[in-house]
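Taking it in order: structure first as structure tokens, then the write-up.
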Amino acid sequence: MKEYLNATRTGTWGFVAAMPLLVLYEVMVLLVNAGRTAEVRVGADVWIKALMSVLGDWGMLGLSVAILVTGGWIFFRDRKRSIPLKPRWFGYLILESLLYAIVLALLVSTTVGALFNGAATLVAGLQAIGEAAPVDRVTMFVLSLGAGLYEELVFRVVLVGGLFWILKRFVGRPWVAYVVAALVGAFLFSLVHYLGPLGDPFSLASFTFRFLFGLALNGVFLLRGFGAAAWTHALYDVLVVTRLLG
């Protein structure tokens, strides 16, 4: 068990575990968007690709190269650690992430319900990808996969990780830097769900749910790595979309 826990929180496992989400989302989003006049994609996905598209075709090529280079750099960095890549551990990681998704959702929804006198329920407290969005259930399922990957990449790896890297140079205690980065990251993670034409109607209960759930995902990212955080987020959204939660 210790070997599994130590190995699966590494960058190598984070990259390996995220690749199935990337492939599933990118293939399925092309299928569900076939024939649409306007593509439906996860906001964080759009942000990244819009940034890269500034460079035209070279930008999208650069994104693909960046993914491969990142994976190569992670494997090179971890090569001396002899990290096992046992197939059954991927199954264990999925089950572990599913457990986190259920337990964290229940804990956060109970907390929000107590804060708002029971007004927030598991689903009403947080519509994971926006019930107001004019898309069908299959598309919402696909977006759930993309949210787990791209939102965790943007908010956990880039935002929280980047803020922590900057703040720890000015703050004497690393844990203080991480707490500040986690709070800022969770606040922005919650806020963006209400922005834009497809944003959800704002309510304090749902904002609080997303904020606390973002903090919980920060904890998963810190303790169990990117792979577990991405799959926890994706599986939570899938459970909401399929009505298996609530």
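Note that the numbering runs from 1 along the sequence shown for the chain.
The same ILVMFWY cluster, assembled from side-chain heavy atoms under 4.5 Å apart, contains both Met19 and Phe90. Tracing side-chain contacts under 4.5 Å through hydrophobic residues (I, L, V, M, F, W, Y), one never reaches Ile166 starting from Phe221; they form parts of separate clusters. By the rule that hydrophobic residues join a cluster once side-chain heavy atoms approach within less than 4.5 Å of another member, Val103 and Ile94 end up as members of separate clusters. Linking Ile, Leu, Val, Met, Phe, Trp and Tyr whenever their side-chain heavy atoms come within less than 4.5 Å leaves Leu143 and Val23 in two separate clusters. Linking Ile, Leu, Val, Met, Phe, Trp and Tyr whenever their side-chain heavy atoms come within less than 4.5 Å leaves Leu95 and Leu223 in two separate clusters.
Side-chain contact between Leu85 and Thr12 is present, with at least one heavy-atom pair separated by less than 4.5 Å. Proximity of Leu204 to Thr208: side-chain heavy atoms (C-beta onward) are separated by under 4.5 Å at one or more points. Contact of the Met28 side chain with the Phe141 side chain is registered, since non-hydrogen atoms from C-beta on lie closer than 4.5 Å. With a 4.5 Å cut-off on side-chain heavy atoms, Val220 and Leu104 count as touching. Here the side chains of Phe164 and Pro174 are in contact, with some heavy-atom distance below 4.5 Å. Side-chain contact between Phe226 and Leu149 is present, with heavy atoms from C-beta onward closer than 4.5 Å.
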Donor-acceptor pairs under 3.5 angstrom involving side-chain atoms of residues 175-190: please list them, not counting sequence neighbours.
residue	atom	partner	partner atom	Å
Tyr178	OH	Asn218	O	3.0
Ser190	OG	Phe207	O	2.8

Test side-chain contact (heavy atoms from CB on, under 4.5 Å) on Arg224 and Leu5 and set out the steps.
CA-CA 8 Å; Arg224 296 295 297 120; Leu5 293 174; 3.7 Å; yes

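One finds the NE2 atom of His233 at 12.5 Å from the CG atom of Leu153 (value rounded to the nearest 0.5 Å).
A tilted orientation is assigned to the rings of Trp13 and Trp89, their planes being inclined by 30° to 60°.
Cation-pi geometry between Arg169 and Trp165 is met: under 6.0 angstrom from the ring centre, within 45 degrees of the axis.
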